Each structure stands twice: as structure tokens, then as C-alpha cells.
Amino acid sequence: MIPAGDERTPDGQAHALAGPPNEQLMNVTIAADDDFLTVTVRGEIDGLTAPRLRGVLDDAFGRLDGRTLILDLSMLEFLGSPGLRVLLDGARVAAQTPGFRPMRVVVDTNRPVVLPIEIVGLDHVLALYDSVNDAIAG
């Protein structure tokens, strides 16, 4: 018997990867200007990727310098409960940041994102917008 983690590719040559690289599960880009720091997330936020998103948001809060944070989730394909926890924690951090400005979350009409947010009631806690332009306009 071959122990777990010692899997090989079908041709028997090289070891197969245990899973896709993090960048295939969740891709994050950050754009900054004088007034806004925009974090765009694509892919999935689940138990594997939520810690990475938490780190990205922690870094973003440290780089705000008076700017407003926009979190664009409009291109997500999945938002699990670990991701919802990161969003709640992000809203708390934004509220505790000197010069409080709520984190603006773009959800578009992306059902995989809006539905879990509404089910747990985060739509009453987060400042939700339909597009990045709407979030900029505030």
C-alpha cells in the first residue's frame, strides 16, 4: 500500500500535487489611489483560503493611511462560513480603526456571495454595494 501523500501522476513518474496552488483557489489583487485601497478577490473563500484573505485584509488595514477600504467580492464563485467570519472580523477592525470609515464590500448580484451574507445577517453589518463605482461614490 502507498501511504497518503506519496501519490504519483498516471504515468508513474513524478509525485502528484496534493491540491491546486492557492492562487488557483483564490486570487487577490490590490489597487491603491489617493482615496481608496481596493482589494479584489476572485475564486473561492473557504476554510483553505480564508486565512489568506484575513492576512490580506490585515495588511490592507495597515496600509490605509486615511483611505477607505473597498473589498470587491463580485467575482467570487463561493463564500463559505470561514469567509463570512473574515468579513465580520474585517468590519470590526474597520470600526476600531482611528478615523473610522466602514469597509465597503462590493457583492454585485453574485448569488454565491449575497445569499450567505444575507442568511447570516451580515447585510445589516457590512456596507454593501453593487459595483466598485457605487462603492467609490459611497
Side-chain angles (χ1 to χ4, degrees):
M1 175 156 60
I2 298 173
D6 194 25
E7 295 85 7
R8 296 189 176 271
T9 58
D11 65 3
Q13 297 299 314
H15 290 282
L17 294 174
N22 285 339
E23 290 74 23
Q24 287 183 0
L25 298 174
M26 183 181 80
N27 182 280
V28 177
T29 56
I30 300 173
D33 63 25
D34 292 339
D35 300 317
F36 299 97
L37 184 68
T38 304
V39 176
T40 303
V41 185
R42 293 174 179 83
E44 303 176 2
I45 302 175
D46 56 17
L48 294 173
T49 57
R52 186 166 157 232
L53 179 61
R54 182 180 305 276
V56 167
L57 289 180
D58 287 347
D59 180 58
F61 281 118
R63 296 175 40 200
L64 284 179
D65 295 327
R67 294 178 285 196
T68 300
L69 177 61
I70 297 175
L71 179 60
D72 183 0
L73 304 178
S74 63
M75 292 180 254
L76 277 185
E77 297 168 12
F78 178 78
L79 177 61
S81 59
L84 293 168
R85 181 61 190 203
V86 171
L87 293 179
L88 178 60
D89 291 346
R92 287 184 182 148
V93 170
Q96 295 168 355
T97 301
F100 168 68
R101 291 185 184 182
M103 177 174 64
R104 299 177 186 183
V105 181
V106 178
V107 293
D108 196 14
T109 56
N110 191 345
R111 224 172 133 68
V113 175
V114 172
L115 189 58
I117 287 173
E118 290 175 344
I119 287 173
V120 299
L122 280 178
D123 55 327
H124 299 290
V125 175
L126 299 171
L128 301 178
Y129 296 86
D130 292 330
S131 70
V132 172
N133 287 338
D134 288 347
I136 289 171

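Residue numbers count from 1 along this sequence. All values derive from a computational prediction rather than experimental measurement.
- Minimum heavy-atom separation, A91 to M103: N-CE, 3.8 Å.
- Across all their heavy atoms, A50 and P82 have their closest contact at CB-CB, 3.6 Å.
- In terms of hydrophobic clustering, with Ile, Leu, Val, Met, Phe, Trp and Tyr side chains grouped at heavy-atom distances under 4.5 Å, F78 and V107 are assigned to different clusters.
- Taken to the nearest 0.5 Å, the CG atom of L84 stands 8.5 Å off from the CD1 atom of I45.
- Results of the side-chain contact (heavy atoms from CB on, under 4.5 Å) test with I70 over V105, V39, L37, I136 single out I136 as the only residue that passes.
- F36 and L126 are not part of a single hydrophobic cluster, where members link through side-chain heavy atoms under 4.5 Å apart.
- Considering only heavy atoms from C-beta on, T68 stays 4.5 Å or farther from D35 through its side chain.
- Between R104 atom CZ and L69 atom CG the span is 10.0 Å, to the nearest 0.5 Å.
- In terms of heavy-atom proximity, A135 sits nearest to V106 at CB-CG2, 3.9 Å.
- If you take CG on N27 and CE on M75, they are separated by 9.5 Å, rounding to the nearest 0.5 Å.
- Every residue meeting the salt bridge (charged side-chain N to carboxylate O under 4.0 Å, His left out) condition with R63, not counting sequence neighbours, appears here in chain and number order: D59.
- To the nearest 0.5 Å, atoms CG (L25) and CD (E77) are separated by 10.0 Å.
- Atom-to-atom distance recorded for L76:CG and L53:CG is 8.5 Å, nearest 0.5 angstrom.
- A search for side-chain hydrogen bond (donor to acceptor under 3.5 Å, both in side chains) contacts involving T40 returns nothing, not counting sequence neighbours.
- By the criterion of side-chain heavy atoms lying less than 4.5 angstrom apart, applied directly or through intervening Ile, Leu, Val, Met, Phe, Trp or Tyr residues, V56 is grouped together with V93 in one hydrophobic cluster.
- Contact annotation: the side chain of R42 approaches that of T29 to within less than 4.5 Å [non-hydrogen atoms, C-beta and beyond].
- Residues V120 and V86 share a hydrophobic cluster, clusters being chains of Ile/Leu/Val/Met/Phe/Trp/Tyr side chains in contact below 4.5 Å.
- Not a single donor-acceptor pair under 3.5 Å links the side chain of S74 to the backbone N or O of D108.
- Under the 4.5 Å side-chain heavy-atom criterion for ILVMFWY residues, a single connected hydrophobic cluster contains both V113 and V28.
- Here the CG atom belonging to D134 is positioned 12.0 Å from the CG atom belonging to L128, to the nearest 0.5 angstrom.
- Counting only heavy atoms from C-beta outward, the side chains of L87 and L73 approach each other to under 4.5 Å.
- Shown here for V41 and M26, the closest heavy-atom pair between the two residues is CG1-CG, 3.6 Å.
- Side chain of D46 to main chain of T49: a donor-acceptor pair is present (N/O by atom type, distance under 3.5 Å, no hydrogens or angles).
- By the salt bridge (charged side-chain N to carboxylate O under 4.0 Å, His left out) test, R54 is found to be paired with D89, residues two or more places apart in sequence or in another chain being considered.
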